[in-house]
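First the structure, in the form of structure tokens, and then the observations on it.
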Amino acid sequence: YTDAMQVYVDAHMKSFVYSLESQQKLSKDFFNPSILSSTFMVSAVNEIYKHQALEQKTDIDVVEFKFASNNPTNMNNKADELESKILKKLAGGTDLFYEDRIERNDKDMLVLASPSRKNTQNCLVCHGAPSDAPKDMIELYGDKNGFGEKVGDIRAISVIYVVVDASGEKMRFFITIEMLMLAVFIGI
């Protein structure tokens with residue numbers, strides 16, 4: 001789901017904004033994370049999901065999602081110690097998926113992680129040199145974090161934390177929600 005969101009943003013949204021830029025209808029320094037950052041979008045969708053789940057007061061624990069990076073532009077995506085270890089392991093290229101059972105927030109949880117797709121040349125517009133990044137982005141996040149990336153780097157992981165339950169009911173619920181979100185995303 002997150003990889004599909006990244007591909008969509010790169011293929012459709014960024015290319016559209018860059019075409020406006022090349023037609024001089026938009027400054028090359030324009031940046032708004034709500035339309036140019038797949039990380040921001042996925043996190044925003046997750047926050048909406050968590051808020052709705054809390055409003056509905058379901059007995060199902062909210063699934064935690066994080067797009068974690070050791071070098072994030074937005075510090076909300078800074079990897080914690082465990083996520084940093086997972087990122088290093090997955091960025092090595094030998095593993096495509098990480099799964100473990102851990103104790104987190106006094107709960108027995110399953111942690112699932114996969115690497116983001118490798119950086120492309122498009123990624124370096126915002127994550128290469130700060131001098132190449134849109135000025136609006138620098139104003140929003142500063143010029144100290146999220147830069148120095150190279151084509152082919154894996155800069156982040158998608159991490160999901162879900163409470164383990166003996167019956168598997170929560171896991172079935174989570175898979176159903178993910179399938180529904182994917183169907184909506186494909187429909188859009």
Side-chain angles (χ1 to χ4, degrees), residues 1-53 63-79 83 87 90-91 93 96-97 112-160 175-188:
Y1 173 77
T2 58
D3 192 45
M5 179 75 81
Q6 289 176 316
V7 170
Y8 175 81
V9 169
D10 253 5
H12 298 283
M13 297 176 89
K14 284 183 181 179
S15 62
F16 178 71
V17 169
Y18 295 155
S19 74
L20 291 175
E21 185 181 288
S22 70
Q23 297 168 36
Q24 298 181 342
K25 294 180 179 178
L26 187 65
S27 165
K28 75 175 189 80
D29 290 318
F30 172 80
F31 177 83
N32 184 305
S34 64
I35 62 170
L36 288 173
S37 171
S38 56
T39 305
F40 183 91
M41 287 181 227
V42 170
S43 296
V45 168
N46 186 59
E47 285 303 312
I48 292 167
Y49 163 73
K50 288 188 331 189
H51 180 72
Q52 288 174 337
V63 174
E64 294 178 51
F65 170 81
K66 184 174 179 186
F67 200 73
S69 173
N70 286 330
N71 184 28
T73 305
N74 180 340
M75 295 309 286
N76 291 332
N77 300 317
K78 180 73 175 160
E83 295 159 351
L87 177 58
L90 293 177
L96 301 175
F97 190 73
L112 307 164
S114 62
S116 65
R117 60 193 179 92
K118 294 180 179 181
N119 284 342
T120 64
Q121 193 62 42
N122 276 347
C123 299
L124 301 188
V125 171
C126 293
H127 299 291
S131 59
D132 295 335
K135 285 186 178 51
D136 289 351
M137 189 182 109
I138 299 295
E139 285 179 25
L140 183 62
Y141 297 121
D143 64 356
K144 304 292 183 235
N145 300 305
F147 301 104
E149 301 291 334
K150 295 177 180 43
V151 170
D153 286 350
I154 293 176
R155 64 180 316 274
I157 54 173
S158 297
V159 188
I160 298 170
I175 291 168
T176 302
I177 292 298
E178 285 299 310
M179 291 297 116
L180 288 171
M181 288 174 67
L182 180 59
V184 168
F185 179 73
I186 290 171
I188 290 171

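Keep in mind it's a predicted model, so treat the numbers as computed, not measured. Numbering starts at 1 and runs along the sequence shown. Atom set for the values below is all heavy atoms of this structure, side chains included, hydrogens, waters and symmetry mates excluded.
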Nearest atoms (heavy-atom pairs only) where [X] meets [Y]:
X	Y	answer
Ser69	Ala156	CB-CB, 4.0 Å
Gly142	Phe147	O-CE1, 3.7 Å
Leu90	Ile157	CD1-CG2, 3.8 Å
Ser158	Phe65	CB-CE1, 3.9 Å
Leu87	Ala68	CD2-O, 4.4 Å

Does CD belonging to Gln121 count more than 12 external heavy atoms closer than 6.0 Å?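 At most 12 heavy atoms, drawn from other residues, nucleotides or ligands, come within 6.0 Å of this atom.
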Is the shortest heavy-atom distance from the side chain of [X] to the side chain of [Y] under 4.5 Å?
X	Y	answer
Phe40	Ser43	no
Glu149	Cys123	no
Ile154	Ser116	yes
Phe30	Leu36	yes
Val17	Leu26	yes
Val125	Tyr18	yes

Gap between atom [atom2] of [Y] and atom [atom1] of [X] - 0.5 Å precision:
X	Y	atom1	atom2	answer
Lys14	Ser19	NZ	OG	14.5 Å
His127	Asp132	NE2	CG	12.5 Å
Glu64	Ile160	CD	CD1	11.0 Å
Ser37	Tyr141	OG	OH	5.5 Å
Asn145	Asn70	CG	CG	11.5 Å
Ser15	Asn122	OG	CG	8.0 Å

Taking only residues two or more places apart in sequence, or in another chain, which ones meet Lys135 in a salt bridge (charged side-chain N to carboxylate O under 4.0 Å, His left out)? Asp29
Is the backbone of [Y] close enough, under 3.5 Å, to the side chain of [X] for a donor and an acceptor to pair up by distance?
X	Y	result
Asn77	Lys66	no
Asn71	Gly146	yes
Asn119	Lys150	yes
Asn74	Asn76	yes
Lys28	Pro134	no

Using a distance-only test with no angle check, is there a side-chain donor-acceptor pair under 3.5 angstrom linking Ser34 and Asn32?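 Judged by distance alone, the side chains do pair up.
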Determine whether Phe16 and Ile35 satisfy the following criterion, side-chain contact (heavy atoms from CB on, under 4.5 Å), listing intermediate values before the conclusion. CA-CA 10 Å; Phe16 178 71; Ile35 62 170; over 6 Å; no
